[in-house]
Protein chains: 2
Amino acid sequence: MLSKILEPDSIAVIGASSNREKWGYRILDNIISGGYSGEVYPVNPNEDEVLGIRCHPSVLDIPERVDLSIIAVPAGIVPAVLEDCGRKGVRGVVIVSAGFGEVGNSELENNVRDIARDYDMRMIGPNTFGFINTQLHLNASIIPQMPEKGGISFVTQSGTFGLALVDWAASQQMGLHLVVGVGNKADVDDSDILEHLSADRHTKTIMMYIEGIERGRRFIDVASRIRKPIIALKTGRSRAGSKAALSHTGSIAGADRIYDGAFKQAGVIRARVIEELFDSALALSISPPADDGIGIISNGGGAAILAADLCEDLGLHLPDPSDDTVRMLKSVLPAIATPANPLDTAGDGSYEMFKDVTGIMLSDPGINALLVIYVHAEMVDPCLPAEAVIDASEGCDKPVITSWIGGKGIGTAVKLLEENKMPNYPLAERAVVALNNLVRYKRILQKR
Amino acid sequence: MLSKILEPDSIAVIGASSNREKWGYRILDNIISGGYSGEVYPVNPNEDEVLGIRCHPSVLDIPERVDLSIIAVPAGIVPAVLEDCGRKGVRGVVIVSAGFGEVGNSELENNVRDIARDYDMRMIGPNTFGFINTQLHLNASIIPQMPEKGGISFVTQSGTFGLALVDWAASQQMGLHLVVGVGNKADVDDSDILEHLSADRHTKTIMMYIEGIERGRRFIDVASRIRKPIIALKTGRSRAGSKAALSHTGSIAGADRIYDGAFKQAGVIRARVIEELFDSALALSISPPADDGIGIISNGGGAAILAADLCEDLGLHLPDPSDDTVRMLKSVLPAIATPANPLDTAGDGSYEMFKDVTGIMLSDPGINALLVIYVHAEMVDPCLPAEAVIDASEGCDKPVITSWIGGKGIGTAVKLLEENKMPNYPLAERAVVALNNLVRYKRILQKR
């Protein structure tokens, strides 16, 4: 239903401009430099061409079919250009322009929504940064850097914050598929996007930043039907925060416990902070959900103890290894090491040791998910234990999460883990939080 | 008292080797390439020269005075070389060699400690990665990369983990002064290091990674006398974690509540995870302690709401601005913005706006600490709001913490903030946790 917006074959950029300071320039430039292979038509009555492409005075002057219009003109002109889009037969619009409900101008926002509905056009925005579809190499947004391709789709209500976060994610090489700024949600809202993502084959995990939801019942209905993990950060929990949310988006950030209840009912995992949201989405997009029963392996005691502490804080259980596991571990561990959980290889970070202990721990029937921590000791090639974990966990249906800890020396190993679809974290504590959300997701699935 | 170890004028590296695989090579190489300007004497009866420096068969063959010996020979030979050190009049030793108490060989460890005491030598280790003194450009450790100079000194009980963390900190450009691996603490323990750091003028903040403390009473006595913030991560809180700690370091990780009580009594701030430890140490090393009463400024609503939520979670208070503040804010804010706390500049990230609102919020008598968040919008130069905050907070005795959020586009601004001693964080949530520990430290000072 939203595919004409989010997977268009042709795009008109209305308000396209040669002025680098304008969004109409940024968006057109981002679409072209992102490598989008569909048709792109700049529209602006005051320009002959923009970025070397012939410019049309109106969308009505484009002879070819237009799937999507991206509108970046002053708010007052939006109704007129939207009428043109309707008459042209455009199927979807994204209104980047600001100056609507978020500044108290609800009348204009309603007017715009009504025009879109009259012509049966779906509309994202107004007041959105646009969207990105990495699969189509389509950066129809003001976000400067296209993220890596990946299985996470991100729906965000915050413009500037969402934009900066996507940019941050891109610098962390976090793989995303669709990124959608829902803006003021005059027509398309979170639930509509969720429905689209539910059927979207590239989306493995849905990550949301929410300030307020208005049609709560529909959100619960849609979310609880989706067979993909949804992790959401809902802000405005506090007195000060909800006051600020009110002035910021114009939507009332309801009492926090209502959202808690709604998320629970909808099977949405609630994250408390951005790091939890992003880190957990990464694991959820790669790894299967996990039953409780965590195994921890490390070449350095300290990090394993820290991880074990945090598991217990979060209510995760670290079972003792079975007798079989103990026997097998004894046969491969150095004499000074104890076959226990967490398992310390007593400094041995070799390929053989990591391959052996990873395989043995994964074969233990009580261990349902594994955290492998490698603490970089300068004399070891950190790629070797990384390869070992990749090899030992291949084909296993229990999730394996890694944490390679160190400085510049582990760069190549981290890249190797990423390329081989291991959810890897620079600190063990972040890996534990992500692992916990794999367990939370399994519990959600079991309740359905 | 430990200055002959940690600030030596001359060093013998006993076990210096040309074999790049050996710690005796690494340490000598690190000392030389780090730029240490004191005298360095390799000692090894089997080498004529190492790294181009003449090698002595024994420390006794060195004609000049030796302040410090770093010992990296097999455990069994340590007593003999230690006797030599004693007879030579060496004042301090660092025993990097492993194979003592940590593998059950307590007899050898006691023997070594007795030799050191007989000769009145202070001894760090055994089983330590060594130490770093950035002020002296002295990397007397196996840590590959020298961190930046800074006001934080780090005492760690974990070898490999501590090593990897220092390397990680170096890659994050975190400024450190002294880094000491206490290892098995056969002679010098945490409390001895604390006493040294208490008097050390380059140390502004003490950061500790602790697995277990044996002389608890002395630790409390020493720590509670120190007039510098101490922040510590003590692992082994959980059942699984404390079991692992037991097998790992040979010290009994006592019931967690005993440590909680001891830290409280000693005025030590307890961190739960590595990120809190490092992030808070950064703020504590730069900023003054703060009374509660937090002001938040942001150009993007989302991040400010998130920060306000977390402040409330942690029990921090966001006071409403005074009438004077409201009046002054109204005169500089755009009409659509509300003069409130958290304060949203409604997208304006200009120098003037950030300078004005930072100055006004800092002048509010109810606001005792300020968090300034800048969410990167592509059309703004992120250095301008950074310069504004630096300028507006100059000379103010209230702490100002920043969070510049974005991807590659904010690199220069982040560097500018770091150079101007602003504690800056890539996510607002991390800034709030650090700010909270400035408030916790003020409360500790008030109780004394």
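Since we're looking at a predicted model, the values are computed, not measured.
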Pick from [options] with the largest number of heavy-atom pairs that fall under 4.5 Å of chain A:
| options | result |
| --- | --- |
| Ile410(B), Ile373(B), Leu310(B), Val166(B) | Leu310(B) |
| Arg430(B), Arg26(B), Glu21(B), Gln145(B) | Arg26(B) |
| Ala346(B), Ala98(B), Ala307(B), Ala303(B) | Ala303(B) |

Quiz item: What part of Ile405(A) lies closer than 4.5 angstrom to a heavy atom of chain B: side chain, backbone, both or neither?
Solution: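 Both parts, heavy atoms under 4.5 Å.
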
Quiz prompt | Atom group of Tyr209(A) that falls short of 4.5 Å from chain B, counting heavy atoms | solution =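 Just its side chain gets close to chain B.
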
Compare all side-chain heavy atoms of [X] with those of [Y] and state whether any distance is below 4.5 angstrom.
| X | Y | result |
| --- | --- | --- |
| Leu233(B) | Leu306(A) | yes |
| Leu427(A) | Trp168(B) | yes |
| Arg272(A) | Asp313(B) | yes |
| Val375(B) | Leu163(A) | no |

Quiz item: Is Asp167(A) reaching over with its side chain to a backbone N or O of Gly406(B), donor-acceptor style, under 3.5 angstrom?
Solution: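 No; judged by distance alone, with no hydrogens or angles, the pair does not exist.
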
Quiz prompt | Whether Asp309(A) side chain and Thr235(B) backbone form a donor-acceptor pair below 3.5 Å | solution =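 Answer holds: no.
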
Quiz item: Can you tell which of Lys408(A), Glu275(A), His376(A), His317(A) has the highest number of heavy-atom pairs within less than 4.5 Å of chain B?
Solution: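 It is Glu275(A).
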
Quiz item: Of all of Gly104(A), Ala377(A), Ser298(A), Pro144(A), which one pairs up most often with chain B through heavy atoms under 4.5 Å apart?
Solution: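 Among Gly104(A), Ala377(A), Ser298(A), Pro144(A), the one with the most close pairs to chain B is Pro144(A).
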
Self-check item: Contact origin within Ile274(B) toward chain A - heavy atom pairs under 4.5 Å
Solution: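 Its backbone and side chain both get close to chain A.
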
Self-check item: Audit row: Glu276(A), Glu429(B), side-chain contact (heavy atoms from CB on, under 4.5 Å) steps and yes/no
Solution: CA-CA 11 Å; Glu276(A) 178 177 12; Glu429(B) 59 210 44; over 6 Å; no

